[in-house]
There are 4 protein chains.
Amino acid sequence: MKKEKILEVAEELFAEKGYEGTSVRDIAQRAEVNIAMISYYFGSKEKLLEALIQYRAGYTSNLLDILKKNPNEDPIHKMEKVIDVYVDRILTHHRFHNIMSRQLSMLSEAHIKEQMMAIKKQNLDIIKKIIEEGQKKKIFRKVDIELTVASIVGTISQVTLSKSFYCRLMNIPEINFDEYSLRIKNRVKKHLKKMILTHLIADMNQSSKSTS
Amino acid sequence: MKKEKILEVAEELFAEKGYEGTSVRDIAQRAEVNIAMISYYFGSKEKLLEALIQYRAGYTSNLLDILKKNPNEDPIHKMEKVIDVYVDRILTHHRFHNIMSRQLSMLSEAHIKEQMMAIKKQNLDIIKKIIEEGQKKKIFRKVDIELTVASIVGTISQVTLSKSFYCRLMNIPEINFDEYSLRIKNRVKKHLKKMILTHLIADMNQSSKSTS
Amino acid sequence: MKKEKILEVAEELFAEKGYEGTSVRDIAQRAEVNIAMISYYFGSKEKLLEALIQYRAGYTSNLLDILKKNPNEDPIHKMEKVIDVYVDRILTHHRFHNIMSRQLSMLSEAHIKEQMMAIKKQNLDIIKKIIEEGQKKKIFRKVDIELTVASIVGTISQVTLSKSFYCRLMNIPEINFDEYSLRIKNRVKKHLKKMILTHLIADMNQSSKSTS
Amino acid sequence: MKKEKILEVAEELFAEKGYEGTSVRDIAQRAEVNIAMISYYFGSKEKLLEALIQYRAGYTSNLLDILKKNPNEDPIHKMEKVIDVYVDRILTHHRFHNIMSRQLSMLSEAHIKEQMMAIKKQNLDIIKKIIEEGQKKKIFRKVDIELTVASIVGTISQVTLSKSFYCRLMNIPEINFDEYSLRIKNRVKKHLKKMILTHLIADMNQSSKSTS
DNA sequence: CATGAATGAGACTTCATTCAT
DNA sequence: TATGAATGAAGTCTCATTCAT
C-alpha cells in the first residue's frame, strides 16, 4: 500500500539525512508517489513523523511484556533475556532508533519529543524493574540503577548509531548495516551480558578497590 | 570578537535545533550580527560547521595526551583518570558532543563526517590503548575491547544527550543542563569506574557463571 | 436535497469569506458531502457560483414585478412600497447581496459579472421608472434620477454589508444578523421613505438654498 | 522606491481581483520585483495588506480634521464641505475604498477588519457630529442620524464601487475610472448636498406627509 | 448516482547566498 | 571590513479537479 511505502521511505530518509534534512520532495520521489500525497495522507511533514512513530512504536512493547510476565524466572536470566531481546530490536529497527535518538537529543521542547520519551521510558522501566527485583531478592548488589540502565542502552546505541566509526575502530572495511548487524550482534549480546551481570553480581571486595 | 560570537551561537543553536533545523538567520539574529556576515566570514553554512569543529576540536587532545604521557602509572589508575576526564569533557562540551553525535549518526556520507570521526577516534584510541596495555600487563582480563570502549562512551552519551529523559527516569523535575551536570557528574564517574573496572579485573569464576 | 444543501452552504461561506477565500473543501465539509460532489454536480467552482446566482436570482423579480403592474397607484405610494419591499429583500437575502456586491465591485471583467449586473439592473430600473413616472406626472420634482436610485440602494447596502460597523456606530453590542435585521429594518424603511420622498417632493425654495 | 511600487501595485490588484484573488506572484510580476521581495519587505501577504492600510490610512484624517476645526462655521456649510471633501476622497482613492469595502463586508472576524473599521469610524463620526451640532443649534431637524450618515456614505460607495453598472444605468459606454470620476464627481456632490440638506432642514409639514 | 484516491498546478514563505556600496 | 538590498531555488502545503470503481 502506498501509505506504508511512504512511511518506510520516510524512515529510510529521516535516518539517512535527518528529519529536517529530508524534504517531502525527496520522500515522494523515492516512494514514487505524487508530492501532494504526503499532505493528503498525513496532513503535514510533522504529522508524517508522528505517524511513523505510531507505526513503529509497537515494535517493542509486545515482546518485552511477555518477558516481564514470567514472574518466577530469576532476575539473572531475565536480564540476559532482556539484553538479547533489546539488542535484537534496536539492531533490527536501527533506522527508527536512529531517528528517535536524534529527536530526543534536541534540546528544544517539541510535542513529538514527548511521544518518543514515553516509548523509551516504557522500555527502560522494564530493565529498571528487573534490577530492582534482583536487588530485593539479594541476587544483585547495590548499584546505580539508572546509570546501569544507561550503560545497557548506551552501549547498544553507540554500536548502532556509529557503524562507520566502529568499523574503523575494529579495522574492518565499511559494510552495509545488515552485514554489520550480523557481525556484531552476538558480540554485543555477549559483552553486555558479561559486563552488566558482573557489575550486578560481583562481590564487594573486588569492586571496592577500584572505586575512588 | 564577532567571529567567536557567531561560532558560539552556532553551537548553541545547532545543539538546540540541529544543523538543518537552524537557519543562518537564526544564528545572525542571536549573535547580533548581519546575516551576510556568516557567508562573509565562513563562506557558507557548511563551512561554518567545519569551523566550529576546528574551534572545538582541541578541547580533547590537550588533556588526554598529558594523561597518556605518564607511562609509569598503572592501567587501573589511568583508566580511572580517563573516565574522570572524559566525563568532565563531554558534560562540559555537551552542546558540541550533541552536534557531533547527530552528525555521526547520519547514514549518508559527508566530508564533514570524516573530520568528526577523526576527532572521536583520537579519543577512543586512547581508551583502547589503556585497555590493551592493561591486558599486556596481565592486570586486565580478556574482554571485548571495542565494546568496552563503546560502553564507556555510550554511557556518558546517553546521560548527556537525554537529559530530559533521565530526569524523568530518576523522578526529578526537568532542570537546566548546568544543574543536571552538577547532580550527575560524580554519579556517572563513580558508576563507570565501578562497572568498567569490575568488568576489566573481575576473576573468571564470577564472570563465567553469568555468561551464556 | 444535496444539491440545494451545497448551494446554501456555498452562499453562507461565500458571504463569510468571499468566493476566492472559500475552498470547495470548506463547502463540501460543511455541507457534509463528498468533495468530488461539487465538481460532479456543478462542474466547477465557478459554475457553482453561477448556479447560486440562478438559484437566488428569482428572489427579486417576482415581487417587484407585481408592484410594477399596479399602473394606477400614485408614484409616492409606489415608491414607498418599493422601498419596503427592497429593504425586506436585501435584509432577508443579505448573504446573497453580500456576494453580489463584492463580485460587482471587482474591476476585472468576468463573464459572471454580467449576470449579476443584469439582475441588479432589473431591480434598479424599476425604481428609476417610478421616479420618471412621478416626474412626468409633475408629482416629483427634477432630481438626479440615477443618483437618487444610488442613494436608495446605497443606504440599504451600507446597513446590510457593514453590520458590525453600524452596531459600533450606534453603540450597541455586536449581534447576529437576524437580531440586527429586526432592530433596523423599520428604521431603514422609515428613514429612506422620509429622506427620499422629501427629496422628490420638496419645493424649490428649500432645496435651492442648500445647493452650491 | 520598490517598497512603494509594491504597495501601489498591490492596491491596484487587490481592487481588481480581490485580496484572495490576487497572488503574490501577480503582484511581484506587475511591480517588476522578485517574488521573494514581498515577504522580504512586508513579511507576508497579510502584512502587506496591513501595510497598505497604514500607507493609505492618512488620506482622510488630515483634511477632515481641518474642517472640523472651524468651530464657528454653521453646520450647513460644514456639511457641504464635508460632502465635497468626502466625495473627492473616495473617488480619488477609489481602489483603496474598494478594498476596504470588501474586507469590511466579510462576515468572519479578522484582526485586519478592526483596523479598517477604526478608519471608517473616524470619518463617519465627523459627519455624525456635524449633524448633532446642527440639531443642537436647531438648524437641523430631528432625523435618524446613523442612517443619514449611511445614506451619504452609501451613495458615494454605490457610485464608486459599481462604475460599470452606473455607466450602463446612465446609458453611457464603459469608460476608465478617471473619466468616470470627472463625469460624475460634481453630479454626486450636487445630488448629495441637495438631498441630504433638504432632508436635514425640510420643515415638518412636508416630511410628515411622506412618511408612513 | 456517488465516492475515495490521486494528481498537477500553483499558493505562500523561507532558505542560503551574492552584490553593490 | 561590513552591510542592507536583493535574488533564485527550494521549502511545505492547499487548491480544484479527475478518474476508476
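A, B, ... follow the sequence lines: proteins, then strands. Residue 1 opens every chain. All values below come from the heavy atoms of this structure, side chains included, with hydrogens, waters and symmetry mates left out.
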In 5'-to-3' order, the base (B), backbone-only (S) or no-contact (-) status of each nucleotide in nucleotides 1-9 of chain E, using a 4.0 angstrom heavy-atom cut-off, is BBSBBBSB-
Can you tell me the base-pairing partner of E:dT21? Count Watson-Crick or G-U wobble geometry only, both distances below 3.5 Å, and say none if there is no partner. F:dA2
Paired to E:dT13 by Watson-Crick or G-U wobble criteria (both distances under 3.5 Å) is F:dA10
Roughly how far, to the nearest 0.5 Å, is the NZ atom of D:K120 from the NZ atom of D:K113? 10.5 Å
Euclidean distance, C:K5 NZ relative to C:I27 CD1, rounded to 0.5 Å: 13.0 Å
Check every atom of F:dT12, E:dT14, E:dC12 against the side chain of D:S23 and return the nucleotide holding the closest atom. E:dC12
5' precedence on DNA chain E between D:E46 and B:T22 (nearest-nucleotide basis): D:E46
Rounding to an integer number of Å, can you tell me how far [X] [atom1] sits from [N] [atom2]?
| X | N | atom1 | atom2 | result |
| --- | --- | --- | --- | --- |
| C:L13 | F:dA16 | CG | P | 12 Å |
| B:Q29 | F:dT3 | CD | P | 15 Å |
| A:F42 | F:dT12 | CZ | C1' | 15 Å |
| B:I6 | F:dT1 | CD1 | P | 13 Å |
| C:L48 | F:dC15 | CG | P | 15 Å |
| A:K45 | F:dT14 | NZ | C1' | 18 Å |
| D:K17 | E:dA11 | NZ | C1' | 13 Å |
| D:E20 | F:dA16 | CD | P | 11 Å |

Are side-chain N/O atoms of D:E50 and D:H111 paired as donor and acceptor at under 3.5 Å? yes
Please determine whether a side-chain nitrogen of the Lys or Arg among C:R30 and C:E16 lies less than 4.0 Å from a carboxylate oxygen of the Asp or Glu. yes
Under a 4.0 Å threshold between the charged nitrogen and the carboxylate oxygen, would D:E11 count as salt-bridged to D:R56? yes
Would you call the rings of D:F177 and D:H94 parallel, tilted or perpendicular, where under 30° means parallel and over 60° means perpendicular? parallel
Does D:E174 CD have over 12 foreign heavy atoms under 6.0 Å away? yes
Residue whose nearest DNA chain F nucleotide is more 5′ - A:D26 or C:Y19: A:D26
